[in-house]
Amino acid sequence: MANGVLVYVEIRGGELTNSSWESVAAGQALAAGLGTTARAVLIGDGAGSNAAKVAAKDLAEVITIEDAKLATYTPDGFAAAMVAAIRDCDPAWVVFSHSYQVRDFAPRVAARLDRALVGDVIKLKVEGGNVTLVRQIFQGKINADVTCRTDAPGMISLQSGAYRTDAARDGSAPTRALSVDLGSVRIRWTVEERFKDVKGAVDLSAATRIVSVGRGIKSDENLGLVNELAAALEAEVAASRPICDSGWLPMDRQIGSSGQTVTPQLYVAVGISGAIQHVVGMKNSGTIVAINKDKEAPIFDLADFGVVGDLFEVVPALIKKLKE
Amino acid sequence: MKIVVCIKQVPRRDDLLRINADKSWIDESSLSFEANESDAYALEEALRLKEKHGGEVIVATLGPSDASKTIKEGLAKGADRAIHLCDSTFEKLDAVATAKSLAAAIGPEAPDVIFTGLQSDDLGYGQTGVLMAEMLDLPHASIVIALETSEDGKTLRVKRELENGWFQWISMATPALVTIQSGINKPRYASLKGIMGAKKKPVDVRTASDLGLNADALTPREAIGSLYLPVREKQTEMLEGDAETVAAALVARLRGNGVI
């Protein structure tokens, strides 16, 4: 019978990702709640060389899968390897981090096993052997309690920051190289080197103060207002995704899952509703100020100071006051 | 080139959401609806591919009967015809069942390229496209921010967005599925001629039984229990008053905090 928890530990550019430690912490907590143990699996180049770091955590076993077909990430290769790991371990639950790589291959695993992958989970609740998952819907405006209805394995991917990386308990686990026959797997991608779009790249992670602008600004002609506020605060200007999509600000000014992650002392969100994709890039900022016309905007859940109002009135008043 | 683009209808971004009385879903009665944001970009990418290679663009939508408005908009922008999966058994599907239903409708069309948006703005599973690729045994690329095709249209080269500002180009042969990230292009508006022409374009309405889908295949693998508003983790101080009053209060607090 299916038993235990299997945690997928991701390697990116040869290194373990930070969010993988959050997954380990979540896997440990889930296993403890269910009175069972957690294992971890590493796939691809660097699986063997990184295994020892994972084996220094409180896990029952660390499994590595390496193969010529897994040397570079492809969804074809990684889905096949992950299915093999799940068949080998027969876990009751599989825990992933909700990374771009997981979002690319884990649904294939779900389809092959005909099971649900409950994505972007922010909390796990275990009561009497029943697991309830909390996920955000409507771009973070509403939470939903979700349960998996069918047989094991239940699969979840955790939103970045749902668990603390330092919550992963230390321990000592044996490691095992799992040999997987990928002979029949067709790798249908031709992969080029990954790269950063460098032109004029701005490193916002070093900024002490950031003024960030969202859809509420309505038109690029109004950006002057935001620039003026940033100047008055001696802050960098940043934006949520839609502003960069529209070409109003360059992509390297974008904060969020697809842009930069920042932790300034002061983050002023102007006309930003606070969709999950934006929030993951700024939620650990020191003091957060939100100015938005919609009093139910999720950005207010994170803010230290909130102003419900018309930014075209509030921001000029703020600039005037700062200049006094 | 035969191109299918999946479009979901979702509540308008700025609409105020209210949870319904039994907390099972939102109260939809006062909402207006629009095409999911990344799906609108996917449609534009499909139309551009047709302009380059010829062929046809088919909109595939799973949703209630009033999703016909969003389908009509897709046809007005230039899609040639549509498949509307419309049946009470399609209500409240999870990602796996949604993908099974769409795959059952799209598979027999044998398209060269299937586009979906990256994720929906309502349920936000972000899985339907990748699930469909697996079910239809197609290669896929997700979170795509640029797309090139070979002259013969048989190879796609796409730029994938990775995290933290990283990107990667990958190539794959068609038929293939691509999930589109918002911002890949600038979606067009429907022309008046397009809007008039859309009325004559065929919309093929399909039910679960038309597609040979039984209740077991569509049984959700995950179930939404109850909905509730997020609990505030922070003690937010809401500043009230006219613009000048809140500006003064805010500056005083930021100075008091030592952040400015």
Side-chain angles (χ1 to χ4, degrees), chain A residues 75 99-100 103-104 107-108 110-112 115-120 132 137-139 141-150 188-192 194-197 233 241 244-245 257-260 265-266 286-287 289 296 298 300-309 313-314 317-318 321-322, chain B residues 16-17 19 26 94-96 99 121-127 130-131 133-135 139-140 142-143 161-173 181-183 220-230 232-234 236-239 243-244 246-248 250-251 253-254 257 259-260:
Chain A
S99 68
Y100 279 31
R103 290 158 71 178
D104 192 58
R108 281 195 182 266
R112 252 177 251 186
R115 293 291 178 270
L117 168 65
V118 182
D120 218 0
T132 303
I137 57 175
F138 292 101
Q139 309 244 316
K141 288 178 189 154
I142 293 174
N143 285 359
D145 280 349
V146 175
T147 50
C148 289
R149 287 223 290 227
T150 44
R188 292 171 287 189
W189 276 12
T190 307
V191 179
E192 298 171 40
R194 54 186 213 132
F195 63 97
K196 275 198 169 180
D197 266 351
L233 287 166
R241 174 148 200 132
C244 300
D245 280 349
S257 52
S258 53
Q260 302 198 45
Q265 286 172 24
L266 174 64
T287 299
V289 176
E296 311 217 358
F300 287 121
D301 297 343
L302 303 170
D304 297 275
F305 302 110
V307 179
V308 178
E313 290 174 15
V314 175
L318 201 51
K321 193 75 200 167
L322 285 163
Chain B
L16 201 54
L17 302 177
I19 295 169
I26 53 165
D94 65 1
V96 170
D121 295 334
D122 52 1
L123 284 165
Y125 290 124
Q127 297 180 30
V130 181
L131 286 166
E134 178 67 24
M135 291 164 184
H140 82 272
S142 66
I143 320 186
E161 192 176 280
L162 309 177
E163 277 141 315
N164 302 321
W166 288 87
F167 296 91
Q168 180 180 44
W169 286 93
I170 68 107
S171 300
M172 58 188 178
Q181 170 68 291
S182 297
R221 269 64 181 160
E222 63 187 284
I224 293 180
S226 59
L227 268 52
Y228 49 97
L229 295 175
R232 290 195 173 180
E233 289 173 13
K234 266 192 171 174
T236 308
E237 185 184 352
M238 300 304 287
L239 304 173
E244 232 163 88
V246 296
L250 184 56
V251 170
R253 279 160 183 74
L254 295 180
N257 265 1
V259 292
I260 58 169

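Since the model is a prediction, treat every value here as computed from it, not as a measurement. Each chain gets a letter, A, B and so on, in the order the sequences are listed, and its residues count up from 1.
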(message) Under a plain distance cut-off of 3.5 Å, with no hydrogens placed, do Asp104(A) and Ser142(B) share a side-chain donor-acceptor pair?
(response) yes

(message) For Glu296(A), which atoms come within 4.5 Å of any heavy atom of chain B: side chain, backbone, both, or neither?
(response) side chain

(message) For Asp120(A), which atoms come within 4.5 Å of any heavy atom of chain B: side chain, backbone, both, or neither?
(response) neither

(request) Select, from Asn257(B), Leu229(B), Ile19(B), the one with the greatest count of heavy-atom pairs under 4.5 Å involving chain A. (result) Asn257(B)

(message) Under 4.5 Å from any heavy atom of chain A, what part of Ile224(B) do you find: side chain, backbone, both or neither?
(response) both

(request) Locate the shortest heavy-atom distance separating Arg115(A) from Val96(B); write the atom from each residue and the value. (result) O-CG2, 3.5 Å

(message) Using every non-hydrogen atom in the two residues, find where Glu134(B) and Ala111(A) come nearest and quote the distance to one decimal.
(response) CG-CB, 3.5 Å

(message) Looking at chain A, which one of Ser171(B), Pro220(B), Ala95(B), Ala173(B) has the largest number of heavy-atom pairs inside 4.5 Å, strictly under?
(response) Ser171(B)

(request) Check whether any side-chain heavy atom of Phe305(A) sits under 4.5 Å from a side-chain heavy atom of Leu254(B), and report yes or no. (result) yes

(request) Select, from Val289(A), Leu233(A), Val308(A), the one with the greatest count of heavy-atom pairs under 4.5 Å involving chain B. (result) Val289(A)

(message) Test your reading of the model: is there a side-chain donor-acceptor pair from Gln168(B) to the backbone of Glu192(A), 3.5 Å cut-off?
(response) yes

(message) I'd like to know which of Gly183(B), Pro139(B), Ala248(B) tops the heavy-atom pair count under 4.5 Å against chain A.
(response) Pro139(B)

(request) Count the heavy-atom pairs under 4.5 Å between each of Gln265(A), Gln139(A), Lys141(A) and chain B, then report the option with the highest count. (result) Gln139(A)

(message) If I compare all heavy atoms of Arg241(A) with all of Ser182(B), which pair ends up nearest, and what's the gap?
(response) NH2-O, 2.9 Å

(request) Let me know if Ser258(A) has heavy atoms under 4.5 Å from chain B in its side chain, its backbone, both or neither. (result) both

(message) I'd like to know whether Met238(B) forms a side chain to side chain contact (heavy atoms under 4.5 Å, CB included) with Phe300(A), so could you lay out the CA-CA distance, the side-chain angles of the two residues, the decisive distance to 0.1 Å, and finally the verdict.
(response) CA-CA 9 Å; Met238(B) 300 304 287; Phe300(A) 287 121; 3.8 Å; yes

(request) Could you check which of Ala317(A), Pro75(A), Pro107(A) has the highest count of heavy-atom pairs closer than 4.5 Å to chain B? (result) Pro107(A)

(message) Can you confirm whether Glu163(B) sits close enough to Ser99(A) that some side-chain heavy atom of one is under 4.5 Å from a side-chain heavy atom of the other?
(response) yes

(message) So that I can tick it off, tell me whether Asp301(A) and Lys234(B) are bridged by a salt bridge, with the cut-off set at under 4.0 angstrom between side-chain N and carboxylate O.
(response) no

(request) Would you give the length of the straight line joining atom NZ of Lys196(A) to atom CZ of Phe167(B), rounded to the nearest 0.5 angstrom? (result) 10.0 Å

(request) Report yes or no: does Gln127(B) contribute a side-chain atom to a donor-acceptor pair with the main-chain N or O of Arg103(A) at less than 3.5 Å? (result) no

(request) Take Leu250(B) and Leu318(A) through the side chain to side chain contact (heavy atoms under 4.5 Å, CB included) test and state the conclusion after the steps. (result) CA-CA 8 Å; Leu250(B) 184 56; Leu318(A) 201 51; 3.9 Å; yes

(request) Return yes if some donor-acceptor pair links the side-chain N/O of Thr236(B) with the main-chain N/O of Gly306(A) below 3.5 Å, else return no. (result) no

(request) Identify which of Thr132(A), Val146(A), Val118(A) forms the greatest number of heavy-atom pairs closer than 4.5 Å to chain B. (result) Val146(A)

(request) Let me know which of Ile142(A), Asp145(A), Asn143(A) forms a side-chain contact (heavy atoms from CB on, under 4.5 Å) with Leu227(B). (result) Ile142(A)

(request) For Arg188(A) and His140(B), test the side chains for any donor-to-acceptor distance below 3.5 angstrom and give the result as yes or no. (result) no

(message) I'd like to check Glu161(B) versus Tyr100(A) (side-chain heavy atoms, cut-off strictly below 4.5 Å). Are they in contact?
(response) yes

(request) Return the option, out of Asp122(B), Leu162(B), Leu239(B), with the maximum number of heavy-atom pairs under 4.5 Å with chain A. (result) Asp122(B)

(request) To the nearest 0.5 angstrom, please state how far the CZ atom of Arg253(B) sits from the CG atom of Asp304(A). (result) 12.0 Å

(request) Report yes if some heavy atom in the side chain of Phe138(A) is under 4.5 Å from a heavy atom in the side chain of Asp121(B); otherwise report no. (result) no

(request) With a 4.5 angstrom heavy-atom cut-off, could you sort out which part of Leu302(A) is near chain B: side chain, backbone, both or neither? (result) backbone

(message) With heavy-atom distances below 4.5 Å as the criterion, would you say the side chains of Met172(B) and Thr190(A) are in contact?
(response) no

(request) State, with a plain yes or no, whether a side-chain heavy atom of Arg112(A) is found less than 4.5 Å away from one of Met135(B). (result) no

(request) Tell me, out of Ala243(B), Ala99(B), Ala223(B), who's got the most heavy-atom pairs with chain A below 4.5 Å. (result) Ala223(B)

(message) If you compare all heavy atoms of Arg108(A) against all heavy atoms of Ala133(B), which two are closest, and at what distance to 0.1 Å?
(response) NH2-CB, 3.5 Å

